[in-house]
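Each remark here refers to the structure printed beneath this line.
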Amino acid sequence: QLQLVESGVGLVQAGYTLRLSCIASGRAFSNYAMGWFCQAPGKEREFVAAIAWNPPVTDYRDDLKGRFTISRDNAKNTVYLQMNNLKPEDTAVYYCAAAASFRTITVRGDYWGQGTQVTVSS
């Protein structure tokens with residue numbers, strides 16, 4: 001089993017920057033493509049961003065390109081999501097996910113973190 005634990009400040013004002021972190025343990029981090037998903041109140045969980053192991057190819061939901069950045073530090077078994085110029089509509093629970101392939105992680109995760117609430121006030 002791969003365990004994923006997210007962390008990051010939960011309440012920010014619109015326009016601010018927030019970085020979420022996700023630490024993986026239990027299995028070799030390098031075996032997995034990593035991703036972030038979000039779920040807003042009353043909505044289904046949506047893909048946010050993904051990053052492969054090596055090379056660290058990335059992919060983003062179209063409307064987030066240029067504003068969100070995913071990265072990974074393989075030495076620390078950690079994946080990050082930097083969110084710039086946050087908007088109230090970014091308010092959601094953000095989930096870290098891992099999958100065996102990059103193609104899979106752009107659709108769903110095989111392993112999930114517990115989620116962390118991000119609230120953006122106007």
Run the side-chain contact (heavy atoms from CB on, under 4.5 Å) test against [X] and tell me which residues pass, sequence neighbours left out.
| X | answer |
| --- | --- |
| S101 | R103, T104 |
| V93 | Y95, Q117 |
| A28 | S30, N31 |
| V5 | Q114 |

key: Stepwise side-chain contact (heavy atoms from CB on, under 4.5 Å) test for Y111 and Q1   = CA-CA 8 Å; Y111 299 96; Q1 287 282 12; 2.9 Å; yes
Residue pairs, two or more places apart or on separate chains, that pass salt bridge (Lys or Arg N to Asp or Glu O under 4.0 Å) and touch [range]:
| range | answer |
| --- | --- |
| residues 113-122 | none |
| residues 106-122 | R108-D110 |
| residues 9-35 | none |

key: Partners meeting side chain to side chain donor-acceptor pair (under 3.5 Å) with R67 (sequence neighbours left out)   = D90
task = Please identify each residue that fulfils side chain to side chain donor-acceptor pair (under 3.5 Å) with D73, with sequence neighbours left out.
result = none
ask   = Is there a donor-acceptor contact under 3.5 Å from the side chain of T91 to the main chain of V120?
value = yes
Distance check, rounded to the nearest 0.5 Å: [X] atom [atom1] versus [Y] atom [atom2]?
| X | Y | atom1 | atom2 | answer |
| --- | --- | --- | --- | --- |
| M34 | T58 | CE | OG1 | 14.5 Å |
| S25 | L2 | OG | CG | 7.0 Å |
| S121 | Q13 | OG | CD | 5.0 Å |
| I70 | C22 | CD1 | SG | 9.5 Å |

Minimum side-chain heavy-atom gap [X]-[Y] below 4.5 Å:
| X | Y | answer |
| --- | --- | --- |
| I23 | L4 | no |
| Y32 | I105 | no |
| R72 | F29 | yes |
| W36 | C96 | yes |

ask   = Can you name the salt bridge (Lys or Arg N to Asp or Glu O under 4.0 Å) partners of K65, sequence neighbours left out?
value = D62
message = Is there a path of hydrophobic side-chain contacts, each under 4.5 Å between heavy atoms, that joins V12 and F68?
response = yes
key: Y16 with V118, same ILVMFWY side-chain cluster at under 4.5 Å   = yes
Please report, to 0.1 Å, the donor-acceptor pairs under 3.5 Å made by any side chain of residues 43-55, with sequence neighbours excluded.
none

note = Taking every heavy atom of C38 against every heavy atom of R61, the minimum-distance pair comes out as SG-NH1, 3.8 Å
List the atom pairs, with distances to 0.1 Å, where a side-chain N or O of residues 78-85 and a protein N or O form a donor-acceptor pair under 3.5 Å, not counting sequence neighbours.
unit_1: T78; atom_1: OG1; unit_2: K76; atom_2: O; d: 2.8
unit_1: Q82; atom_1: NE2; unit_2: N84; atom_2: OD1; d: 3.3
unit_1: N84; atom_1: OD1; unit_2: T17; atom_2: OG1; d: 3.2

